[in-house]
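All values derive from a computational prediction rather than experimental measurement. Labels below follow one simple rule: chain letters A, B, ... track the order of the sequence lines, proteins then strands, and each chain is numbered from 1.
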Amino acid sequence: MDLLTKLNPDQQKVVLTTQGPVLVLAGAGSGKTRSVIYRTAYLITKLKINPWNILVVTFTNKAARELKNRLENALGISTHSLWVGTFHSVCTRILRYENQYLPFNSNFSIFDSDDQKAVFKKIYKRINIDIKEFPSAKIRHIISRQKSSLILPKDFFGFNERNFYSETVFKIYEYYQNFLIKNNALDFDDLLLYTAILLHDNEDIRKKYEQKFKYVMIDEYQDTNYAQFKIVNLIAKNHQNLCVVGDDDQAIYSWRGADIRNILNFERDYKKVIKIKLERNYRSPQSILDLANDIIKFNKKRHAKKLWTKISSDEKPILIKLENENEEAEFVAEEIIKLKSQNTSLSECVVLYRTNAQSRVFENAFIRKKVKYQIVGGVNFFQRKEIKDIIAYLRILVNPQDSESLLRIINFPPRGIGKKTVSGILDFAAADNLTVFEALSKIEKSGLTSGSVIKIKTFTEKIMKWKTDSEKLPITKLIKRIVKEIDLINYYEYCNDPKNIAREENIREFIAAAEEFAENYEEETGEQPFLTDYLQNISLQTDLDTIDENEEAVKLMTMHNAKGLEFEHVFVVGLEDGLLPHSKSIEDNRELEEERRLFYVAVTRAQKTVHLCYARTRRTFDTIIHTLPSRFIVEIQDKYLDSVDYSFFNFHKMKRSVKKPQKPVIMDNEKYFKIGQKIAHHKFGNGIILNIEGKGKDAKLTISFANGKLKKIIGSFVKTL
DNA sequence: TTAAGTATGCTTTTT
DNA sequence: GCATACTTAA
């Protein structure tokens with residue numbers, strides 16, 4: 001059996017146990033992805049199961065893509081009809097298809113958290129909610145938890161105590177849910193919620209999908225929430241051909257409703273479960289696993305397991321104490337430069353932190369030291385203002401009910417439809433119970449001034465025209481046409497804000513991304529994608545999905561984002577009480593254990609070395625605080641770590657004594673610059689020169705880069721284009 | 001109606 | 001220390 005030769009006996013058991021419920025408890029780095037891929041291949045090639053009858057749910061789009069690629073390329077299996085994707089993308093697909101049973105049509109918009117925030121703001125105003133008393137973020141979280149527990153507004157008081165506070169939460173929830181339906185829109189939680197309800201309430205649909213998905217595999221099962229549990233259960237409870245893979249020690253998403261009990265109670269929820277443990281690790285040397293085991297053993301609630309490996313290393317993980325956060329970043333940058341001089345690829349180094357805000361100091365250090373880096377997470381490309389604006393134009397073409405998008409662009413770029421006119425439109429819409437778009441098309445009946453009516457008519461006519469265009473033109477052509485007709489580039493050029501040049505570049509990148517999507521789609525399906533396909537796709541894209549992992553750059557990301565990834569050299573930074581564990585998690589023991597798991601996840605990413613860093617003082621906002629080393633560091637036994645103290649002058653002394661390997665920067669020969677010239681920088685990419693101080697190749701240039709950053713850089717570090 | 005200037009509040013973690 | 005929200009002036 002050639003498929004099995006590359007697997008160890010436990011992994012083989014995962015592949016060969018195809019009938020009935022299987023629980024795979026897979027420790028970090030134990031080859032679980034590999035097992036899932038081979039299991040899928042085995043089902044298709046040996047058991048001759050039609051790929052159409054298999055569902056594989058992964059944690060990220062990227063994992064789904066990789067799984068497909070490896071099946072196609074390494075094993076020569078056509079994945080055309082195989083369903084692989086995240087819960088959210090699989091649910092989107094089902095909901096689009098089954099929309100006749102649902103309160104929306106197949107062109108629904110997917111509201112991301114920014115859209116959600118904006119909607120809440122409107123709702124608060126409309127129904128007069130005091131934001132001080134009911135902080136929007138908190139209420140959104142509560143509502144999200146209701147949804148992921150499958151509690152609809154009508155069931156709210158069946159599960160929640162009735163008091164003044166909950167009455168208001170209910171009011172907001174109900175209003176919000178109706179608003180979404182009116183807008184033909186769903187938020188992330190709705191994708192799961194409606195799918196679960198549909199499968200639960202509609203027996204025909206449930207039968208259809210349980211017959212379709214005869215074999216179901218779920219990765220990262222420890223991070224599923226109740227809605228996800230229910231969806232899987234409804235599909236698989238009759239045939240029981242369900243294989244879930246996970247590691248309770250790596251459960252790090254309880255704050256978004258993930259319930260670790262889904263994996264702990266799997267043997268209770270299904271009958272005659274076959275349990276397989278993968279404890280052999282193929283990623284890290286024993287010294288790192290010793291540390292990891294020592295970290296996680298302080299958690300009370302867990303399946304006992306101990307990772308082991310045959311990989312050995314003379315090096316222990318190193319614990320480094322620094323003076324402050326700048327020294328910390330400086331130290332990491334120096335270490336990475338050292339590694340690079342020993343021929344390590346920068347893409348094999350990662351810096352992991354608890355909060356996104358920590359990235360900035362590292363960015364600064366890497367820029368100063370000319371180390372190429374890539375930040376994963378933070379603000380997603382598709383969430384940038386200029387991109388969201390264009391997306392809003394596209395959204396109303398497929399979903400005219402989407403008032404959120406409509407109002408976003410009704411006066412952008414400015415077309416003289418100001419606040420007053422807009423509130424007039426909204427009043428008219430509310431009075432006649434129309435959607436905003438309907439109100440616009442009947443605007444002459446609104447009683448607004450004739451000037452406003454004319455402007456609105458011109459606007460709606462344009463929209464109608466683009467709508468017709470959208471049915472004929474390929475996506476990229478349509479986007480280009482809209483951008484041209486709203487004169488967006490000109491609008492940006494007219495403003496003197498240097499950021500706008502970066503915006504222009506982003507718009508170009510957006511068009512390129514759309515082109516790429518269309519090409520891939522055509523290759524896969526042989527058909528042109530509809531605009532809806534593209535829009536729903538990008539709503540579910542994360543930053544992790546768009547990064548180029550082979551790019552020669554250090555990766556910076558949160559520990560959450562690092563899940564499922566591996567790197568040769570891992571730098572875990574900010575290991576201080578209050579950051580890890582985070583100050584908001586130290587009171588609750590359950591949350592504290594989750595923080596410890598997060599630390600465990602971070603450490604187990606490493607293939608070769610681990611550096612643990614903490615700073616003696618740290619600046620937050622405008623105050624410098626004295627910190628304490630993380631309790632997770634304190635509780636570890638000393639024998640698992642080598643410790644170094646570079647705080648105070650120690651690190652400076654070290655810096656003087658260590659010769660920095662000077663990496664020569666490749667520069668062009670003689671050159672000089674002019675304003676408006678396009679250049680490229682090895683780290684920041686393409687940009688445009690806005691200002692020049694000094695002369696010749698060493699002139700100091702102010703450059704606006706495509707990534708939105710404005711930097712001053714010496715001319716010799718850039719390439720002319 | 002908009003642009004510029006000032007105040008505020010924010011930091012967990014994300015599909 | 002940044003981005004957003006609000007205030008004021010043109």
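Remark: P of dT13(B) and CZ of F599(A) are 19 Å apart, rounded to the nearest angstrom. Between I110(A) atom CD1 and dT15(B) atom P the separation is 14 Å, expressed in whole Å. If you take CG of N364(A) and C1' of dC2(C), they are 13 Å apart, rounded to a whole angstrom. When rounded to the nearest whole Å, the span between CG of L95(A) and P of dT15(B) equals 19 Å. Rounded to whole angstrom, the span from the NZ atom of K121(A) across to the P atom of dG9(B) amounts to 14 Å. For the pair D112(A) CG and dT14(B) P, the computed distance is 14 Å after rounding to whole Å. Atom NZ in K62(A) sits roughly 15 Å away from atom P in dT14(B) (whole-Å rounding). Rounding to whole angstrom units, CZ of residue F382(A) and P of dT15(B) are separated by 13 Å.
At the phosphate of dT4(C), OP1 or OP2 sits under 4.0 Å from a side-chain N or O atom of K385(A). The shortest distance between the side-chain N/O atoms of N61(A) and the OP1/OP2 oxygens of dT15(B) is not below 4.0 Å.
Salt-bridge formation is detected for the pair E330(A)/R368(A): a Lys NZ or Arg NE/NH1/NH2 atom is positioned less than 4.0 Å from an Asp or Glu carboxylate oxygen. Salt bridge absent: E404(A) and R395(A) never bring a charged side-chain N and a carboxylate O closer than 4.0 Å.
In the set dC6(C), dT13(B), dT15(B), dT13(B) carries the atom at the smallest distance from any side-chain atom of T558(A). Of the candidates dT2(B), dT14(B), dC2(C), the closest approach to any side-chain atom of N561(A) belongs to dT14(B). Residue H560(A) has its side chain nearest to dT13(B) when only dT13(B), dT2(B), dT15(B) are considered. Here the side chain of R360(A) is nearest to one of dC6(C), dG1(C), dT15(B), namely dG1(C).
Residues that satisfy the ring pair (Phe, Tyr, Trp, His ring centres under 6.0 Å) test with F510(A), not counting sequence neighbours, are absent from this structure. Listed by chain and residue number, E524(A) satisfy the salt bridge (Lys or Arg N to Asp or Glu O under 4.0 Å) test with K68(A) (two or more places apart in sequence, or in another chain).
Panel note: side chain Q222(A), backbone D249(A); no donor-acceptor pair is recorded below 3.5 Å.
Residue order along DNA chain B, read from the 5' end via each residue's closest nucleotide, puts R354(A) first among R354(A) and Q383(A). Between T542(A) and N411(A), the residue whose closest nucleotide on DNA chain B is further toward the 5' end is N411(A).
Between F517(A) and Y521(A), the ring planes are tilted. Angles from 30° to 60° get that label.
If you check residues 250-263 of chain A against DNA chain B, the residues with a heavy atom closer than 4.0 Å are Y253(A), W255(A), R256(A), listed by number.
Rounded to the nearest Å, the gap between the P atom of dC6(C) and that of dT11(B) is 16 Å.
Looking only at atom types and distance, the side chain of T92(A) has no donor-acceptor partner in the side chain of Q536(A) under 3.5 Å away.
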